[in-house]
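Below is one structure, written out as structure tokens; comments come after it.
All figures in this text were calculated on a predicted structure; none of them were measured in a lab.
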Amino acid sequence: MSICTNCALLAWQFDEEGKWKIEPGLVVILIMEHALLLIKFGFSRLVLSEPAWVRATCAKNSSQARDMYTKRLLRTISGGEKTRELKKIE
């Protein structure tokens with residue numbers, strides 16, 4: 001959005017003769033904004049969104065949950081749940 005705004009500001013700075021008519025304060029603001037965008041882009045590439053230990057814990061938890069639900073589904077399909085209920089009744 002800021003890049004589109006900058007382009008619009010630059011387009012409005014043309015005078016009737018087609019020459020740039022930019023005030024120094026506007027130039028400083030545009031340069032600062034581009035520098036901040038560059039810094040933000042650098043940080044987004046260098047700093048991970050989540051630490052490695054959090055990613056590893058989430059992967060471990062999801063694999064444990066998947067294994068548990070797979071075992072439960074296999075027991076249900078094979079009739080393992082019914083045999084346990086019958087043993088409890090006896």
At what distance, to the nearest 0.5 angstrom, does [atom1] of [X] lie from [atom2] of [Y]?
{"X": "Gln64", "Y": "Met68", "atom1": "CD", "atom2": "CE", "answer": "9.5 Å"}
{"X": "Ser44", "Y": "Ile39", "atom1": "OG", "atom2": "CD1", "answer": "12.0 Å"}
{"X": "Leu46", "Y": "Phe41", "atom1": "CG", "atom2": "CZ", "answer": "9.5 Å"}

Inset, instruction - Side-chain contact test, heavy atoms from C-beta onward, threshold under 4.5 Å: evaluate it for Cys58 versus Asn61 and give yes or no. - result: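 A side-chain contact is absent here, since even the closest heavy-atom pair is not under 4.5 Å.
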Legend entry - Residue pairs involving residues 39-54 (criterion salt bridge (charged side-chain N to carboxylate O under 4.0 Å, His left out); sequence neighbours excluded):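 Non-adjacent pairs meeting salt bridge (charged side-chain N to carboxylate O under 4.0 Å, His left out): Glu50-Arg55.
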